[in-house]
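Everything on this sheet refers to the single structure shown next.
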Amino acid sequence: MNQNLFASFNVPMMLGIPLVTLIILFPTMLISSPNKLINNRLSSLQQWLIQLTLKQMMMVHTIKGRTWSLMLMALITFIALNNLLGMTPYAFTPTTQLSMNLAMAIPLWAATVLTGLRFKTKASLAHFLPQGTPMPLIPMLVIIETISLFIQPIALAVRLTANITAGHLLMHLLGDTTLTLLSSYIPSSMITIVITILLIMLELGVALIQAYVFTLLV
């Protein structure tokens with residue numbers, strides 16, 4: 001196992017060329033397009049999962065909000081596959097990079113805000129000033145709500161980055177501990193192996209949940 005704790009978060013390079021683009025595009029190759037009259041089991045399972053996820057996400061949206069379903073479904077699939085890619089041995093996780101998460105959060109946040117200002121101007125501006133606010137507090141609350149609005153994409157990106165990074169660091173530390181105990185005290189290493197397996201199962205859930213949370217909050 002690599003002794004450098006943060007080496008797994010470095011962007012892979014080959015001949016001085018970053019491979020992050022190829023790594024990001026790799027999970028999309030795992031999705032098969034249904035081009036046959038009768039699908040196989042993998043395609044049927046894939047379509048069932050997509051329909052289940054789409055139904056779960058669109059429950060909280062209005063009729064107009066459901067027009068974003070294609071984009072949101074592509075986003076949650078992209079994030080989930082990249083999160084799961086990082087669970088494979090010696091793999092690079094693109095979603096641990098704050099720059100990539102900001103590149104997803106900022107345009108989507110801006111599109112949502114601008115769409116709201118265009119079609120529901122009064123309702124969007126009303127969020128800057130809660131009803132019944134005392135007159136002396138109006139300037140302060142407008143400033144606070146404005147700052148809160150601009151912090152939202154940063155919070156989205158940082159949440160995804162922190163959760164994925166923390167899980168990978170924990171698995172790395174437990175893996176190093178297990179290898180050390182295997183050479184010195186085997187009974188204790190069995191405990192750490194069980195904890196590592198449970199942590200991996202937890203991280204698989206976190207990888208999917210964080211993709212859902214990111215897409216839902218966007």
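Note: Thr53 OG1 to Met58 CE = 10.5 Å, rounded to the nearest 0.5 Å. Atom CD1 of residue Ile191 and atom OG1 of residue Thr196 lie 11.5 Å apart, to the nearest 0.5 angstrom. For the atom pair CD1 of Ile164 and CD of Glu203, the computed distance is 6.5 Å after rounding to the nearest 0.5 Å. Between atom OG1 of residue Thr192 and atom CG of residue Leu173 there is a gap of 12.5 Å, rounded to the nearest 0.5 Å. Note that CZ of Phe214 and CG of Leu72 are 11.0 Å apart. Values are rounded to the nearest 0.5 Å. To the nearest 0.5 Å, atom CG of residue Leu199 and atom CG of residue Leu170 are 5.5 Å apart.
Under a 4.5 Å side-chain heavy-atom criterion applied to ILVMFWY residues, the cluster that includes Ile106 comprises Leu98, Leu102, Ile154, Val158 as well.
Taken together through direct or relayed side-chain contacts under 4.5 Å among Ile, Leu, Val, Met, Phe, Trp and Tyr, Met201 and Met190 form part of one hydrophobic cluster. Residues Leu114 and Met71 do not share a hydrophobic cluster, clusters being chains of Ile/Leu/Val/Met/Phe/Trp/Tyr side chains in contact below 4.5 Å. Linking Ile, Leu, Val, Met, Phe, Trp and Tyr residues whenever their side-chain heavy atoms come within less than 4.5 Å leaves Ile195 and Leu181 in two separate clusters. In terms of hydrophobic clustering, with Ile, Leu, Val, Met, Phe, Trp and Tyr side chains grouped at heavy-atom distances under 4.5 Å, Ile151 and Val213 are assigned to different clusters.
Between Thr180 and Asp176 the shortest heavy-atom distance is OG1-O, 2.9 Å. In terms of heavy-atom proximity, Ile200 sits nearest to Met87 at O-CE, 3.8 Å. For the pair Pro153 and Ala105, the tightest heavy-atom approach, listed with the atom from each and the gap, is O-CB, 3.6 Å.
In the model, Thr96 has no side-chain atom that pairs as donor or acceptor with a side-chain atom of His168 under 3.5 Å. For the residue pair Thr95/Asn83, the side-chain donor-acceptor check at 3.5 Å is satisfied.
Within the 4.5 Å cutoff, the side chain of Ile79 has no heavy atoms near those of the Gln210 side chain. Considering only heavy atoms from C-beta on, His172 stays 4.5 Å or farther from Thr177 through its side chain.
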Worked verdict on Leu85 versus Thr93 for side chain to side chain contact (heavy atoms under 4.5 Å, CB included): CA-CA 6 Å; Leu85 176 66; Thr93 313; over 6 Å; no

Leu54/Ile76 under side chain to side chain contact (heavy atoms under 4.5 Å, CB included): CA gap, chis, key distance, verdict: CA-CA 10 Å; Leu54 184 61; Ile76 190 174; over 6 Å; no

Intermediate values then yes/no, side chain to side chain contact (heavy atoms under 4.5 Å, CB included), Val218 and Trp68: CA-CA 11 Å; Val218 159; Trp68 291 47; 5.7 Å; no

Full working for side chain to side chain contact (heavy atoms under 4.5 Å, CB included) between Gln152 and Val113: CA-CA 11 Å; Gln152 286 178 4; Val113 173; 5.6 Å; no

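Counting non-hydrogen atoms of neighbouring residues, nucleotides and ligands closer than 6.0 angstrom, the CG atom of Leu52 exceeds 12 such neighbours.
Pairs passing the ring-ring contact (aromatic ring centres under 6.0 Å, His included) check and including a residue from residues 134-163, sequence neighbours excluded, read Trp109-Phe150.
A distance-only check finds no donor-acceptor pair linking the side chain of Ser148 to the backbone of Ile144 [under 3.5 Å].
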